[in-house]
S.K.: 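Structure provided below as structure tokens; questions to follow.
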Amino acid sequence: MLQSLKRWARELKQDVYALYFAYQDPRVPWVVRLLTIGLVAYAFSPIDLIPDFIPVLGYLDDLILVPLGVFLLLKLIPQPVLMDCREKAAARLGNEKPRNWIVGGLIIVVWVLLALWVGYALYQGTL
């Protein structure tokens, strides 16, 4: 069972790389490219929307949301494009995964704004 989980994780990693290449391909419809950019940016982001130290919910995005998004987007990408992108992804797997610091920064801004809003609401006595 452990071997099958490792194989699944490797395939998921390769599929995320394939999506990384697919959003750059002009043969992919623009709506799918937009969704793919969002998922790839989040998957490569060094910061999670839900921090991992939060019990159960912290790993929800890593274990359910990202794989589900990858699965759905792979269904929306044309097969010839997907085959080309999977070949590119297999060639790149030996390299370190790219990081998206812009999305990481945006997630930090969201958390800071949420903390400020909660602090303000507590100060005003409305929370």
S.K.: Check Ala89 against Tyr17 and note the closest heavy-atom contact, atom names and distance.
M.R.: CB-CB, 3.4 Å

S.K.: If hydrophobic clusters are built by linking Ile, Leu, Val, Met, Phe, Trp and Tyr wherever their side-chain heavy atoms come under 4.5 Å apart, do Trp117 and Leu122 end up in the same one?
M.R.: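 Cluster IDs for Trp117 and Leu122 match.
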
S.K.: Do Leu65 and Val40 belong to the same hydrophobic cluster, where Ile, Leu, Val, Met, Phe, Trp and Tyr are linked whenever their side-chain heavy atoms lie under 4.5 Å apart, directly or via other members?
M.R.: no

S.K.: Where do Gln14 and Ala90 come nearest, in terms of heavy atoms and distance?
M.R.: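 That closest heavy-atom pairing would be NE2-CB, 3.7 Å.
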
S.K.: Once rounded to the nearest 0.5 Å, what's the spacing between atom CG of Leu12 and atom CZ of Arg7?
M.R.: 13.0 Å

S.K.: Rounded to the nearest 0.5 Å, what's the gap from CZ on Arg86 to CG on Leu19? Could you check?
M.R.: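 Arg86 atom CZ to Leu19 atom CG measures 8.5 Å (nearest 0.5 Å).
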
S.K.: Looking only at heavy atoms, what is the nearest atom pair of Tyr20 and Tyr23, with distance?
M.R.: O-CD2, 3.0 Å

S.K.: State plainly whether one hydrophobic cluster holds both Val66 and Trp8, where clusters connect Ile, Leu, Val, Met, Phe, Trp and Tyr through side-chain heavy atoms under 4.5 angstrom apart.
M.R.: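 Yes, same cluster.
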
S.K.: Which pair of non-hydrogen atoms, one from Val70 and one from Asp15, has the smallest distance, and what is that distance?
M.R.: CG1-CB, 3.7 Å

S.K.: Write down the atom of Cys85, the atom of Ala18, and the distance for their closest heavy-atom approach.
M.R.: CB-O, 3.4 Å

S.K.: Which value, rounded to the nearest 0.5 Å, describes the distance between Leu82 atom CG and Arg27 atom CZ?
M.R.: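 CZ of Arg27 is found 10.5 Å from CG of Leu82.
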
S.K.: From Arg33 CZ over to Leu73 CG, what is the distance, rounded to the nearest 0.5 angstrom?
M.R.: 13.5 Å

S.K.: What distance separates Leu72 CG from Leu39 CG, expressed to the nearest 0.5 Å?
M.R.: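 One finds 9.5 Å between CG of Leu72 and CG of Leu39.
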
S.K.: Any chain of hydrophobic side-chain contacts (each under 4.5 Å) joining Trp111 to Ile108?
M.R.: yes

S.K.: In the single-linkage hydrophobic clustering (I, L, V, M, F, W, Y; side-chain heavy atoms under 4.5 Å), do Val118 and Leu116 co-cluster?
M.R.: yes

